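Being a predicted model, the structure only gives us computed values, none of them experimental. Just so you know, ligand 1 is whichever comes first in the structure, and atom 1 is the first atom listed for that ligand. Counting from 1, the numbers follow the sequence of the chain as shown.
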Amino acid sequence: MAEKLLEVRNLTTGFLTEKGLVKATDRISLTIEKGKTLCLVGESGSGKSVTSMSIMRLIDYANGVILEGNINFKGEDLAKKKQEELRNIRGNKISMIFQDPMSALNPVLNVGEQIAESLRLHQNKSKDEAWKEAIELLRMVGIPSPEIRAKQYPNQLSGGMCQRVVIAIALASKPELLIADEPTTALDVTVQAQILDLLQDLKEKLGTSILLITHDMGVAAEMADHIAVMYAGAIVEQGTVEEIFSNPSHPYTVGLLQSIPGFEGQRGGELYTIKGTIPALGNLPQGCRFNPRCPHVMDKCRQVEPGDIQVGDEHYAKCWLFEEKGKAAVAGKGENIHG
Ligand SMILES: Nc1ncnc2c1ncn2[C@@H]1O[C@H](COP(=O)(O)OP(=O)(O)O)[C@@H](O)[C@H]1O
Ligand code: SF4
Ligand SMILES: [Mg+2]
């Protein structure tokens with residue numbers, strides 16, 4: 001296995017609501033290797049953003065609390081750090097980009113200044129140096145005539161250009177990890193593809209690791225080295241992109257794949273939708289959290305929650321259908337390689 005950059009173990013985040021403390025993520029474990037992309041996929045409301053904000057400890061500002069778990073980043077546990085210590089890491093070694101580029105940019109500062117500001121802050125560059133480098137960054141993220149564009153304000157640029165500027169700001173600190181939360185969801189389809197190509201390019205050129213959050217399995221297929229599938233606050237399946245697509249195991253993953261247009265597992269070429277909706281936080285069913293929607297539900301599923309079961313090489317699913325296979329796989333290997 002390649003070098004690990006981020007290792008999250010049993011991360012559980014809660015919110016205090018009128019109904020009491022509810023868990024938005026439940027014992028999340030994931031690993032991001034150096035220079036690789038992990039896609040976190042799942043329907044809206046499954047806890048993807050809460051996961052990323054917890055890793056960055058921005059959840060503290062959204063009234064959330066980390067109840068349990070470790071966030072090991074380069075040998076340090078971010079879950080245990082004070083907010084002032086995190087400032088050094090956030091926007092520096094770890095950068096984040098969000099869905100809506102407009103809300104990330106300052107409307108009254110030209111875009112060149114916004115990148116230059118980040119360079120001055122994180123890399124102690126002089127004003128002139130920072131401006132020159134800001135223009136180079138604009139060029140790198142594919143903005144034509146960067147010298148002219150640098151002097152423009154966000155409202156003079158298209159949504160796609162603004163997202164490129166946001167990416168340039170995120171890269172200004174030369175982060176080792178880029179967290180991108182649905183970075184293309186607000187953009188039209190052709191621009192989406194361009195931004196994804198850009199991220200892929202930058203990853204290859206700069207060796208940055210990426211945590212890419214998306215509700216779109218098609219995007220994950222294109223971008224991921226590893227995939228973690230999230231459902232109602234838990235990661236229900238994870239593995240390499242090859243494993244997930246060639247041997248999807250958890251019925252929820254299978255449902256997500258069957259809803260991709262053109263995916264071969266589709267029945268009669270029709271787009272499949274998973275029946276039902278994600279249960280509300282604080283109102284999870286007993287046993288497997290997917291059981292009310294699962295076409296394969298068994299008695300046991302309604303009583304006992306499944307843990308991670310190994311279903312392939314570097315591939316795990318939380319589903320009782322694989323209980324026997326999992327035991328055989330673990331016994332056959334003589335060890336459990338998870339973690
Ligand atoms: N500040 C908050 N207070 C209470 N609940 C929240 C808060 N932020 C998110 N949630 C809840 O956590 C759940 C997961 O949300 P989120 O991580 O945004 O989902 P996703 O990004 O997968 O669409 C949702 O049910 C949402 O209502
Ligand atoms: S454990 Fe049971 S209900 Fe849950 S996904 Fe597997 S078969 Fe379906
Ligand atoms: Mg989200």
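Annotation for I148: atom CD1 does not count as buried by contact number, only 12 or fewer foreign heavy atoms lying within 6.0 Å. For CG of N155, the number of neighbouring non-hydrogen atoms (other residues, nucleotides, ligands) closer than 6.0 Å is greater than 12.
Polar contact with ligand 1: present for K48 (N/O pair, distance under 3.5 Å). Among the atoms of G47, some N or O lies under 3.5 angstrom from an N or O of ligand 1.
Of the residues K127, K125, R139, the one that meets the salt bridge (charged side-chain N to carboxylate O under 4.0 Å, His left out) test with E133 is K125.
Contacts with ligand 2 closer than 4.0 Å are made by heavy atoms of both the backbone and the side chain of C319. Of all the heavy atoms of H250, the ones lying under 4.0 Å from any atom of ligand 2 belong exclusively to the side chain. Heavy atoms from both the backbone and the side chain of S49 come within less than 4.0 Å of ligand 1.
In this structure, M298 and L321 have side chains that are in contact, with non-hydrogen atoms separated by less than 4.5 Å. Within the 4.5 Å cutoff, side-chain heavy atoms of Q194 are placed close to those of R164. Contact annotation: the side chain of R293 approaches that of Y231 to within less than 4.5 Å [non-hydrogen atoms, C-beta and beyond].
Numbered from 1 in the order shown, with element, the atoms of ligand 2 that lie under 4.0 Å from a heavy atom of N291 read 3 (S). Set against the non-hydrogen atoms of L321, the atoms of ligand 2 under 4.0 Å away are 7 (S). For ligand 1 and A24, the ligand atoms under 4.0 Å from any heavy atom of the residue are 12 (O). Near C294, the atoms of ligand 2 lying under 4.0 angstrom from a non-hydrogen atom of the residue are 3 (S), 5 (S), 7 (S), 8 (Fe). Atoms of ligand 1 found under 4.0 Å from any heavy atom of A62 (numbered from 1 in listed order, with element): 1 (N).
With hydrogens and angles left out, the side-chain atoms of D188 and T190 include a donor and acceptor closer than 3.5 Å. In summary, the side chains of T25 and T51 do not present any donor paired with an acceptor at a separation below 3.5 Å, with no hydrogens or angles considered. For the 3.5 Å distance criterion, the side chains of H215 and E182 qualify, holding a donor opposite an acceptor. If you check the side chains of E314 and T240, you find no donor sitting under 3.5 Å from an acceptor. For the residue pair Q114/Y153, the side-chain donor-acceptor check at 3.5 Å is not satisfied. Defined by atom type and a distance below 3.5 Å, a donor-acceptor pair is missing between the side-chain atoms of Q99 and D181. Under 3.5 Å, the side chains of E243 and H315 contain a donor-acceptor pair of N or O atoms.
Counting only heavy atoms of the protein, atom 4 (Fe) of ligand 2 lies nearest to C288 SG, 2.3 Å. The protein atom (non-hydrogen) at minimum distance from atom 8 (N) of ligand 1 is F15 CZ, 3.4 Å. For atom 17 (O) of ligand 1, the closest non-hydrogen atom of the protein is V50 N, 2.8 Å. Considering only non-hydrogen protein atoms, atom 2 (Fe) of ligand 2 sits nearest to C301 SG, 2.3 Å. Nearest protein heavy-atom contact of atom 23 (O) of ligand 1 is G45 N, 2.7 Å. For atom 1 (S) of ligand 2, the nearest non-hydrogen atom of the protein is W320 N, 3.2 Å.
Ligand 1 is approached by S46 to a heavy-atom distance shorter than 4.0 Å. Within the 4.0 Å heavy-atom shell around ligand 1 one finds S44.
Looking at L281, I59, T214, it is L281 that brings a heavy atom closest to atom 11 (C) of ligand 1.
For atom 3 (N) of ligand 1, a protein heavy-atom neighbour is present inside the 4.0 Å cut-off.
Using a cut-off of 2.8 Å, one finds that H296 contributes no N/O/S atom close to atom 2 (Fe) of ligand 2.
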